[in-house]
Novice: 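A single structure is presented below for examination.
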Amino acid sequence: MSFYNTLINRIFPAKKLSAAARRAGYQKDQMGIRSRYVRERSNWNGHLTRTRQFIADAAQNARLHNSAAVLGSGWLLDVPTDELAATFTDVYLIDIVHPEPVKERVRRLPNVHLLTADLTGGAVQLAVNADSFVQFVDYLQNIEIDNELANYDFVVSVNLLNQLDIILCDYLKERFGVGEEQLLPIRMCVQQRHINSMPHGKSCLVTDYQQIDTNVLDKTASVCDLLHCTLPNADNKQEWNWLFDTNQRYSAQNNTTFKVLAVCF
């Protein structure tokens with residue numbers, strides 16, 4: 001039905017994918033996101049509202065309204081689920097793990113469907129299966145991925161692009177002891193494949209692209225670029241700041257702000 005569902009059904013059975021997600025740390029990370037949202041709710045609300053509004057406006061402007069795919073649906077904090085359900089005949093929420101509260105909510109929306117898929121294009125399962133980093137790289141370079149996202153009338157990637165490589169590369173670093181120099185090509189590959197998979201003319205992307213850490217003691221700031229890919233050209237775009245963490249839990253002794261970019265292309 002969808003590109004990711006087809007890929008997973010063909011290569012990785014659902015049970016193996018769920019086990020790989022747990023082993024690589026995706027479920028733990030998802031619970032961490034929920035906990036941070038509870039702590040930072042007042043700081044996150046502006047970002048979440050702008051994200052939902054941008055997506056809802058983009059969806060209304062889609063040429064056709066038969067089907068929509070949401071990549072990285074997560075807890076649905078940043079997804080205008082009700083608006084999408086009212087706009088499209090069918091909405092597909094796609095992620096590697098769907099929290100139980102989300103499953104309960106979706107049961108009340110008959111035209112909203114959950115698809116479990118590895119949004120790295122299969123890299124998570126490959127990393128778990130590989131016996132060495134060299135073997136993983138060989139797997140990643142040779143996997144054939146058919147792109148069927150073009151079959152949807154609207155595709156949105158929600159605060160996902162920068163996250164695709166983080167947990168994967170942390171897992172590779174811990175398991176195989178590789179350094180950042182070896183991981184950078186993996187980050188570039190995973191992010192660029194994601195961008196390339198999204199069909200031009202009916203896609204929407206929301207992503208954080210820069211991290212600003214401000215030291216709570218001396219107020220000095222450090223800036224880190226988060227993307228390692230070429231973003232699509234777009235006339236319809238917005239930018240804003242997301243005050244992500246004010247408890248110094250994400251970066252020691254720092255408050256963390258993300259710069260966010262939203263584009264339609």
Novice: What verdict does the side chain to side chain contact (heavy atoms under 4.5 Å, CB included) test give for E40 and T246, after you've listed the backbone C-alpha separation in whole Å, the side-chain angles of each residue and the deciding distance to 0.1 Å?
Specialist: CA-CA 7 Å; E40 302 283 349; T246 60; 2.9 Å; yes
Novice: Are any side-chain N or O atoms of R175 and backbone N or O atoms of A127, one a donor and one an acceptor, separated by less than 3.5 Å?
Specialist: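 Looks like yes, one N/O pair under 3.5 Å.
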Novice: Considering non-hydrogen atoms only, spot the tightest contact between L48 and Y37 and give its length.
Specialist: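 So the two residues come closest at CD1-CE1, 3.6 Å.
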Novice: Which residues end up grouped with V216 if you chain together Ile, Leu, Val, Met, Phe, Trp and Tyr wherever their side-chain heavy atoms are less than 4.5 Å apart?
Specialist: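 Besides V216, the hydrophobic cluster comprises L217, listed by chain and residue number.
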Novice: Can you check whether A59's main-chain N or O pairs, donor with acceptor, with H65's side chain at less than 3.5 Å?
Specialist: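 Flag set: sc H65 to bb A59 pair under 3.5 Å.
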Novice: So does N247 have more than 12 non-hydrogen atoms from other groups sitting under 6.0 Å from CG?
Specialist: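 Counting neighbours around CG of N247, more than 12 heavy atoms of other residues, nucleotides or ligands fall under 6.0 Å, so yes.
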Novice: Taking the side chain as every heavy atom from C-beta outward, state whether T51 and W240 have any atom pair closer than 4.5 Å.
Specialist: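 In contact.
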Novice: First locate atom CG of L161, then atom NE2 of H228, and finally report the distance between them rounded to the nearest 0.5 Å.
Specialist: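 Nearest 0.5 Å value for the CG-NE2 distance: 9.5 Å.
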Novice: Heavy-atom count around E239 CD within 6.0 Å, excluding the residue itself: above 12?
Specialist: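 More than 12 heavy atoms, drawn from other residues, nucleotides or ligands, come within 6.0 Å of this atom.
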Novice: Could you check if a side-chain atom of Q182 sits within less than 4.5 angstrom of a side-chain atom of F176, using non-hydrogen atoms only?
Specialist: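 Heavy-atom side-chain distance check fails, nothing below 4.5 Å.
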Novice: What about Y209 and Y250, same hydrophobic cluster or not, with Ile/Leu/Val/Met/Phe/Trp/Tyr joined at side-chain heavy-atom distances under 4.5 Å?
Specialist: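 In one cluster: no.
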Novice: Tell me, do L168 and L164 make a side-chain contact under 4.5 Å, heavy atoms counted?
Specialist: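 When only atoms from C-beta onward are counted, L164 and L168 do not touch, as no gap falls below 4.5 Å.
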Novice: Is L119 reachable from L115 through a run of hydrophobic residues whose side-chain heavy atoms are each under 4.5 Å from the next?
Specialist: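 Yes, because L115 and L119 connect within a single hydrophobic cluster, where side-chain heavy atoms sit under 4.5 Å apart.
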Novice: Decide whether I55 and M198 are clustered together by the hydrophobic rule: side chain heavy atoms of Ile, Leu, Val, Met, Phe, Trp, Tyr closer than 4.5 Å, transitively.
Specialist: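 Shared cluster, no.
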Novice: I want to check something: taking the side chain as every heavy atom from C-beta on, are F88 and N111 in contact at a cut-off of under 4.5 Å?
Specialist: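 No - every pair of side-chain heavy atoms lies 4.5 Å or more apart.
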Novice: What distance separates K103 NZ from L114 CG, expressed to the nearest 0.5 Å?
Specialist: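 Those atoms lie 7.5 Å apart.
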Novice: So, do D208 and Q163 sit near enough that their side-chain heavy atoms are less than 4.5 Å apart?
Specialist: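 When only atoms from C-beta onward are counted, Q163 and D208 do touch, with a gap below 4.5 Å.
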Novice: At their closest point, which heavy atom of P110 faces which heavy atom of R108, and how far apart are they?
Specialist: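 Shortest heavy-atom contact: CD-O, 3.6 Å.
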Novice: Is the number of heavy atoms from other residues, nucleotides or ligands under 6.0 Å of R63 CZ greater than 12?
Specialist: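 No, not enclosed.
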Novice: I'd like to know whether CG of N142 has more than 12 heavy-atom contacts from other residues, nucleotides or ligands below 6.0 angstrom.
Specialist: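 Atom CG in N142 is crowded, with more than 12 foreign heavy atoms closer than 6.0 Å.
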Novice: Pairing donors with acceptors under 3.5 angstrom, does anything connect the side chains of Q248 and N254?
Specialist: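 Side-chain D/A pair, Q248 to N254: absent.
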Novice: Less than 4.5 Å apart, side chain to side chain, heavy atoms only: is that true for L183 and F133?
Specialist: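 Counting from C-beta outward, L183 and F133 do come under 4.5 Å.
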Novice: Quick check: closest heavy atoms across V156 and V158, and the distance to 0.1 Å?
Specialist: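 Reported closest heavy-atom pair: CG2-CG2, 3.7 Å.
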Novice: So, taking the atom named CG in L227 and the one named OG1 in T207, what distance separates them when rounded to the nearest 0.5 Å?
Specialist: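 It is 4.5 Å, given to the nearest 0.5 Å.
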Novice: Under 3.5 Å, side-chain donor or acceptor atoms of residues 68-84 against the rest of the protein: list the pairs with distances, not counting sequence neighbours.
Specialist:
{"residue": "W75", "atom": "NE1", "partner": "Q30", "partner atom": "O", "Å": "2.9"}
{"residue": "D78", "atom": "OD2", "partner": "N159", "partner atom": "ND2", "Å": "2.8"}
{"residue": "T81", "atom": "OG1", "partner": "V79", "partner atom": "O", "Å": "3.4"}

Novice: Should V91 and L109 be regarded as members of a common hydrophobic cluster, given that ILVMFWY residues are connected when their side-chain heavy atoms come within less than 4.5 Å of each other, either directly or indirectly?
Specialist: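 Yes, same cluster.
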Novice: Which heavy-atom pair separates S197 from L149 by the least distance, and what is that distance?
Specialist: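 Residues S197 and L149, closest heavy atoms: O-CD1, 3.4 Å.
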Novice: Please examine the side chains of N66 and D90, heavy atoms only from C-beta on, and report whether any two atoms are closer than 4.5 Å.
Specialist: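 Answer no - side chains too far apart.
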Novice: Is V178 reachable from F136 through a run of I, L, V, M, F, W or Y residues, each pair having side-chain heavy atoms under 4.5 Å apart?
Specialist: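 F136 and V178: one cluster.
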Novice: Is it true that a side-chain atom of D118 and a backbone atom of A123 form a donor plus acceptor pair closer than 3.5 Å?
Specialist: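 Side chain of D118 to backbone of A123: a pair is present.
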Novice: Over all heavy atoms of both residues, which pair between E180 and R187 is shortest? Give the atoms and the distance, please.
Specialist: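 That closest heavy-atom pairing would be OE2-NE, 2.8 Å.
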Novice: What distance do R52 atom CZ and R50 atom CZ have between them, rounded to the nearest 0.5 Å?
Specialist: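 Interatomic distance, R52 CZ to R50 CZ, rounded to 0.5 Å: 13.0 Å.
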Novice: To the nearest 0.5 Å, how far apart are CD1 in I195 and CG in L231?
Specialist: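 The distance works out to 5.5 Å.
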Novice: How far apart are the C-alpha atoms of Q211 and F244, what are their side-chain angles, what is the distance that settles it, and do they pass the side chain to side chain contact (heavy atoms under 4.5 Å, CB included) test?
Specialist: CA-CA 9 Å; Q211 178 178 330; F244 180 74; over 6 Å; no
Novice: First locate atom CD1 of I94, then atom OG of S157, and finally report the distance between them rounded to the nearest 0.5 Å.
Specialist: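 Interatomic distance, I94 CD1 to S157 OG, rounded to 0.5 Å: 10.5 Å.
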Novice: For V155 and Y92, what are the C-alpha separation, side-chain angles and deciding distance, and is it a side chain to side chain contact (heavy atoms under 4.5 Å, CB included)?
Specialist: CA-CA 10 Å; V155 176; Y92 297 88; over 6 Å; no
Novice: Taking N196 as the fixed residue, which of Q192, H194, R193 is the one that meets the side chain to side chain donor-acceptor pair (under 3.5 Å) rule?
Specialist: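 Looking at Q192, H194, R193, the match for N196 under the side chain to side chain donor-acceptor pair (under 3.5 Å) is Q192.
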Novice: Can you give each donor-acceptor pair under 3.5 Å made by side-chain atoms of residues 256-265, sequence neighbours left out, with the distance rounded to 0.1 Å?
Specialist:
{"residue": "T256", "atom": "OG1", "partner": "D213", "partner atom": "OD1", "Å": "2.8"}
{"residue": "K259", "atom": "NZ", "partner": "N241", "partner atom": "OD1", "Å": "3.2"}

Novice: Would you indicate whether the side-chain heavy atoms of L226 and I166 approach each other to under 4.5 Å?
Specialist: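 SC-SC contact between I166 and L226 ruled out.
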